[in-house]
2 protein chains.
Amino acid sequence: MKSTINAKDVAKLAGVSQSSVSRVYFEGAKVSKKTRQKVLAAAEELGYRPNEFARSLITNRTKIIGLVMKGVQNPFYPQVLTQFTASFKKFGYSILFVHTNSDEIQTEDIETLLNYNVAGVVITDATMSLNVAESFRANQIPLVFFNRKLSRSNFYSVCCNNLSAGRAIAEYLIAKGSKDMAYISGNENTSTSQEREEGFSEVVTQHNLNFKKYSSDYTYEGGYKTTLAIMEEEALPSAFFVANDIMALGVMDALRKKEIQVPAQVKVIGFDNIGMSSWPAYELTTWEQPIEKMVEETVTYLLAEMIDYTGTAEAVEVDGVFVERKTT
Amino acid sequence: MKSTINAKDVAKLAGVSQSSVSRVYFEGAKVSKKTRQKVLAAAEELGYRPNEFARSLITNRTKIIGLVMKGVQNPFYPQVLTQFTASFKKFGYSILFVHTNSDEIQTEDIETLLNYNVAGVVITDATMSLNVAESFRANQIPLVFFNRKLSRSNFYSVCCNNLSAGRAIAEYLIAKGSKDMAYISGNENTSTSQEREEGFSEVVTQHNLNFKKYSSDYTYEGGYKTTLAIMEEEALPSAFFVANDIMALGVMDALRKKEIQVPAQVKVIGFDNIGMSSWPAYELTTWEQPIEKMVEETVTYLLAEMIDYTGTAEAVEVDGVFVERKTT
DNA sequence: CTGAAAGCGCTTACAG
DNA sequence: CTGAAAGCGCTTACAG
C-alpha cells in the first residue's frame, strides 16, 4: 500500500531522525542549518512531499477555505472568485469551491466543508439558515457573508455601502432633473436589493417625490422582461435605478428594442461596475463595488479568526464609487 | 487538543467496538442492522462526523478533484465550472479550485494539488509543460485537458470538434456568397484557435478562395481593437469568423461604432454560444460547444481512472451545433 | 538542537 | 458479523 516517500525514508537517507525531517517542514520549528541541508538534499533526491492529511489530522487544522457561491452567471462573481483565490493563495490557503443553486444554502452543500474541517468559510451571494451557520460556530470555523447581510444574525458580513449608494444615486438623478423615477429590484429577500432601495427611497421621499418599484431577479432576462412589460402597460419613468448591472443591460436592450433613447428619454443606472458596463454597446452609469477592498476585508478577518477564534459579529461596509458614463 | 467527537466516543456510547463504528461509515463494509442502528443513534446524539483526513491518510485517496482554470473573464468558463461542480458532486467529489494567470500552468500552481493528493485533475483553457504533467502520472493521478489539446503529449483531452466546426462555418459562409472572408484568431498558441482556423482554411482553399487572418487574444477588448484597426487600414471583408463569442461581441461593437451594418455589410460568426450571444443587442450566429457532454466525457473518464488507473491518452472530440441567429 | 515515543482518527487484515 | 491490534504519516511534549 505504501507508494509514496515519507519522512522516515528521508530521515534514513539524511541520517537524521524522522522528527528532524518533520521540523524542517514545519514552520516555526527549530533545526540547525546542517540538519536542514541534509534533510532538504535527501528530500530532493527522493521527491519527498509532506502529507497534508497526516498534518491536518494531528494539528486539527487545514489550509483550505470553503467558498460557497451562487449564480456564477453574473460576471461579478467570477471576479470575486478570482480575487479570493489569488488573495488566499498568498497566505498558503487553497479554495474548496461549493456551488449552490438555492438562495438559501442547504445542509448537504456545506456538509463537505465540515467534513474537510475547512479553516474558514466565505458565503457569497446567498444566505443560510441560522442553525446551519451555527454549526460552523460550534466547530470554531470563522464565517463571512460576502455581499449579503443576515438580518438578526451574529455573523460577520462584508458589503458595499449599499444604503448610502442608494442615497447618492437618488441625489444624482434628482439633481439631473428626474422627477418620476423607478427602482428595479433584485431578488427581494436579499439585503443588497433592500438596502439599495431603502437609501434610494429615503432621499426620494425627502424631496417630496415618488418612485415606482418593479420587482425583478438580478438576471439579464429579468431586467429585459420587466422593462418590456412596463413599456406595454404604462408610461416610462424618466430614470431607472436598477439593482445590478447585468439586469441594467437587459433593461437597456429592452429599451433599445422599442427604440427608446438612453439617456435622452430614459436614464439608466446600474450597480456593480462589471466589465460589460463599459462596453461601447452599453456605456452604463453605475456604482462600482470595490471588490478588491471587500475581499481584503474578508481575508483579513478570516486570517485573524483562524489564529484566535472570537466569533465576532460585525457588518462591515466598504465604500464604492459612482461611475458616470453615457446612460445618464 | 481533542475537541471533536471521534469513533471511539461513539463506540463507547453505542456499546460496540470502534471498528464497528468505522464499518458503518465505510461504504461496502458489512455490519448487522442492529449494530448499524445502535451506532447511528449514538452518532446522532453526539454529532459524530467521520474525519476525512484520517480516512485519506489511511486509504491514500481523497474525494477531491483539482480544477485548474484560466481566464474566468470569458463567461464560457463559469458555466464550465458550475457544470463540473454539479457533476462531481453527484459522485461525492468536491472541487479544489486553482486559478492561474499564465497560459502555461506553473509548478507552484499545482503543488497544492499534489499536496492534497487529489483524486483527479481537470485543466481548462491552459496547458502545462509536459514534465509538470508527468508528475501527476508519476503519482497515478488521472488528468484531463479540457478544451485544449497538448501537441505531442500522451494525455487525455476533451474538446469540441473544432476542426469540422471550422469547416462547416466556411461552407456556410461560402454558400451564403461570401468570397473575401477573415479569421480573427484567439491566442495563437492554443489548439482551439489553431484547429478552428485549420478547418476553415481547408474549405476556403478547396473553393479556390482566400481569407485574411488577424491575430487576437480571445478577449472582448481584443476583438474590439482588432476590428477598429482593420477598419482604419483596409477594406472590410464580407464576413468574419471569430475564434470565440466574447471576441465576436467586441467585433460587433466596433462595427456598430463605425455604423457598419451586420449582416448587411459584414457577417459575423462566433464560437461557444455563451449566454450573451443570444442577447438582443447581439443575436450572434455561432457554434455551440456542448459543455454538458464535454463535462460528462471528462467526468466519466476520471471516475474510471480513479478506480483503475491506466493513464490512457486519447483526444476526445464532442460534436457541437451550429446556431444561426441574425449576424449572418 | 536532536531523538525516541506517544498519539491524531481512522481502515483493515486477522481471529474468533 | 464483531473486536483487538497494527499502522497510515505526521506533530509535539519530553528527555538529553
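Below, chain A is the first sequence line, B the second, and so on; all start at residue 1. A quick note: this is a predicted structure, and the numbers were derived from the prediction, not measured.
- Taking only side-chain nitrogens and oxygens, B/N6 comes nearer than 4.0 Å to OP1 or OP2 of C/dG9.
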*Chi angles and distances behind the salt bridge (Lys or Arg N to Asp or Glu O under 4.0 Å) call for A/E111, B/R49*: CA-CA 9 Å; A/E111 197 81 5; B/R49 183 186 307 284; 3.1 Å; yes
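- For the pairing with B/V68, the side-chain contact (heavy atoms from CB on, under 4.5 Å) check across B/L96, B/V122, B/T112, B/T100 returns one residue only, B/T100.
- Within the 4.0 angstrom heavy-atom criterion, only backbone atoms of the sugar-phosphate kind lie near A/V31; the bases stay farther away.
- The nearest whole Å value for the distance from the CZ atom in A/R23 to the C1' atom in D/dC14 is 11 Å.
- A straight line from CD1 of A/I5 to P of D/dC10 spans 11 Å, rounded to a whole angstrom.
- Here the straight-line distance linking atom CE of A/M69 with atom OH of A/Y77 works out to 7.5 Å at 0.5 Å rounding.
- Counting non-hydrogen atoms under 4.0 angstrom, A/V21 reaches nothing in the nucleic acid.
- Using a 4.0 Å heavy-atom criterion, one finds that B/R61 contacts no nucleic acid atom at all.
- The nearest heavy atom of DNA chain D to B/L57 and to B/G15 marks one nucleotide each, and the one closer to the 5' end goes with B/G15.
- Going from atom CG of B/N51 over to atom P of C/dC8 covers 12 Å, rounded to whole Å.
- Between A/F53 and B/Y116, the ring planes are perpendicular. Angles over 60° get that label, and only those under 30° would be called parallel.
- Computed from coordinates, the B/K34 NZ to D/dT2 P distance equals 10 Å when rounded to whole Å.
- Between the CG atom of B/N60 and the P atom of C/dT12 there is a distance of 11 Å, given to the nearest Å.
- In this structure, C/dA15 and D/dT2 make a Watson-Crick or G-U wobble pair, each of the two defining distances being under 3.5 angstrom.
- Within 4.0 Å of B/E52, counting heavy atoms only, lies no atom of the nucleic acid at all.
- B/K293 NZ: 12 or fewer foreign heavy atoms inside a 6.0 Å radius.
- Rounded to an integer number of Å, the gap from CD of A/Q37 to P of C/dC1 is 15 Å.
- As a whole-Å value, the separation of B/I58 CD1 from C/dC10 C1' is 5 Å.
- Phosphate contact (OP1/OP2 of D/dC10, side-chain N/O of A/R55, threshold under 4.0 Å): absent.
- Side chain B/R49 to base C/dG9: no donor-acceptor pair is found below 3.5 Å.
- Comparing A/K30 and A/Q18 by the nucleotide of DNA chain C that holds the closest heavy atom to each, the one mapping nearer the 5' end is A/K30.
- Atom CZ of B/F26 is separated from atom C1' of C/dA13 by 13 Å (rounded to the nearest Å).
- Backbone-only contact: B/S20 has heavy atoms under 4.0 Å from sugar-phosphate atoms and none from a base.
- Within 4.0 Å of A/S22, counting heavy atoms only, lies at least one base atom of the nucleic acid.
- The residue among B/K8 and A/T35 whose nearest nucleotide of DNA chain C lies closer to the 5′ end is A/T35.
- For D/dT2, the OP1/OP2 oxygens have a side-chain nitrogen or oxygen of B/S32 closer than 4.0 Å.
- Annotation: cation-pi geometry satisfied between B/R137 and B/F155 (NZ/CZ under 6.0 angstrom from ring centroid, within 45° of ring axis).
- Here B/Y25 does not reach the OP1 or OP2 of C/dT12: none of its side-chain N or O atoms lies under 4.0 Å away.
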